[in-house]
Amino acid sequence: MCGVAGFICRDPSAAVGNNFIDMLKELIHRGQDATGIAFYENRDDIQIRVAMSDLHQQKELEKVIQKYGTISKERAYKGVGIFSFYEASVDMDLDAIGDLYWEIDSSPEFCVHSLGEHIKIYKDQGSAETLKECHKMSPSGATHGIGHVRLATESTENINFAHPFVSYLLPELAIVHNGQFTNYFNLRRKLENLGVRFKTNNDSEMAAHFLAYHMTKKGIDLEEALYLALDELDGIFTLLVSTPTQVGTVKDRLGIKPMLFFEKDDNIVLFGTEQICLTPIVSDVYASEMEPGGIKIWSV
Amino acid sequence: MVRLDLTGMNSRNANKKLKVLIQTEDEIEVVGTHSIHNFATALIGKSKITAHGSTGFYTGGFLEGPTLVIEGNTGWYTGDNMMDGEIIVQMNTGSNAAPSMLGGTIVIKGNSGSRAGWGMKGGNLVVCGNVGRWSGKMTLGGRIIVLGEVGEGIGESMYNGIIHVLDPAVEEKLGGNVMIVPIDDKEKKETELIFKKYGIEQGVDDFMSIVPKVYGRHEYKLYKPTHKKVI
């Protein structure tokens with residue numbers, strides 16, 4: 001099943017980000033294995049978030065990061081389940097982000113959740129309520145964001161397999177996915193032959209790498225990449241994709257998986273699997289449904 | 001008349017309560033519906049149940065006899081496998097309204113989503129607003145009446161049954177294996193009776209009917225990718 005939600009808030013005074021997690025609360029019946037959100041904010045430092053298998057590994061992780069830059073404002077804490085989290089601001093070269101990303105990810109003890117100038121990703125097991133309580137996030141200044149509640153069907157129940165997914169190729173791109181890809185192994189093999197490295201064996205991670213690979217190596221924009229995804233990815237899916245400047249969505253041609261959107265006075269755009277998840281932001285909504293095989297892009 | 005407050009109650013308990021009340025009460029007023037899923041499913045009886053608020057998925061599924069009035073919106077699969085009785089939704093419904101419905105009447109005063117009346121086997125579905133794509137697909141019987149616009153692929157692969165529509169652009173949106181025929185006098189009278197019963201002010205002379213073709217099969221269009229393969 002799974003549920004997705006997202007928002008764009010062009011008016012900072014509306015502070016939609018504050019209530020974003022409540023949108024996912026309304027989707028609790030669509031999955032409780034894991035909940036995750038990715039949001040983008042205007043800030044002037046690079047921030048990193050990593051999941052560790054134990055709190056003691058913080059020193060080891062810092063050693064790796066210090067090879068690339070200096071750390072400040074670090075925080076390490078225990079998550080809802082067995083994993084611990086590390087969060088810090090890193091003063092480093094922007095071009096080295098991909099290398100640092102992969103160096104951390106190559107250790108089985110760590111998994112980068114987000115690394116970038118705008119993006120921040122929080123994901124953990126359980127419901128939106130427990131995510132909010134445990135992680136003490138502050139998305140109030142967020143310009144846009146996407147979120148996901150997971151019912152694990154295709155791969156293991158591990159928070160590193162939870163959405164949103166990012167790619168080290170384009171760390172500021174995040175995706176959430178509702179559905180299944182039936183040509184996952186074929187496309188993964190093709191991408192691996194082209195040099196793309198995978199961290200998990202979740203089919204949605206492939207979609208993140210697929211889009212990131214074509215946007216970076218082939219130089220196409222988000223809209224073209226989504227058209228390509230519509231043709232190349234097989235199965236039933238709706239993808240909600242965000243970059244620091246755009247949010248896009250694609251729905252497969254069978255149109256099985258729902259995706260609704262609602263625009264209010266040019267300032268707020270809301271996305272969601274069900275209409276009820278839009279109600280914490282705008283109480284009286286009448287949302288439009290994405291057409292099967294449809295692609296839509298919004299600028300932030 | 002009895003009043004039932006569903007605040008803080010889950011679907012199972014709400015339906016258990018309704019099942020008991022329906023034995024003795026003629027009219028049940030329900031408040032605090034908080035978009036509850038599976039509202040009033042599998043109820044057998046003759047009572048009138050009025051919900052003051054919106055309800056969630058599978059509202060009135062397997063309903064057999066009662067009259068259900070929802071003074072708000074409903075979610076997906078309203079009246080799933082309904083056997084008999086009435087469901088009147090004062091606002092809109094989600095997708096897949098009245099799937100596999102066997103009997104009774106569903107009246108939707110607002111709009112409905114895609115796939116309204118999928119696989120219907122009997123009864124009446126009246127939508128006063130618009131319906132989405134693939135409505136009336138693979139219906140096996142029954143009657144669907146749409147007063148507003150219809151979506152693409154209406155009546156696709158119908159086996160039996162009939163769809164009455166007003167939308168002048170219906171010909172472009174017609175599904176495969178169905179055709180448009182004029183509404184006949186018997187159908188006009190039956191439709192008029194339904195409109196009169198539910199207070200719908202609409203003439204019946206302009207309706208067109210969609211019925212399955214009696215011969216021929218689909219032309220299947222094979223999917224061809226429009227983009228070049230990059231990898």
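Every chain is numbered from 1, with letters handed out A, B, ... down the list of sequences.
- Residues Glu157(A) and Arg150(A) are not paired through a salt bridge, judged by the lack of any N-O separation under 4.0 Å between the basic side chain and the carboxylate.
- Between the side chains of Thr93(B) and Ser112(B), at least one donor-acceptor pair of N or O atoms lies under 3.5 Å.
- Heavy-atom proximity under 4.5 angstrom to chain B picks out His29(A), Arg30(A) from residues 25-34 of chain A.
- Every pair passing side chain to side chain donor-acceptor pair (under 3.5 Å) that includes a residue from residues 129-141 of chain B is listed here, sequence neighbours excluded: Glu291(A)-Arg133(B).
- Residues satisfying the side-chain contact (heavy atoms from CB on, under 4.5 Å) test with Ser209(B), not counting sequence neighbours, are Ile162(B), His164(B), Val181(B), Ile183(B), Glu187(B).
- Contact annotation for Ser95(B): only side-chain heavy atoms (C-beta onward) come within less than 4.5 Å of a heavy atom of chain A.
- Taking the six-membered ring for Trp, Phe271(A) and Trp298(A) have ring centres closer than 6.0 Å.
- Applying the side chain to side chain donor-acceptor pair (under 3.5 Å) test to Thr35(A) and every residue at least two apart in sequence or in another chain returns nothing.
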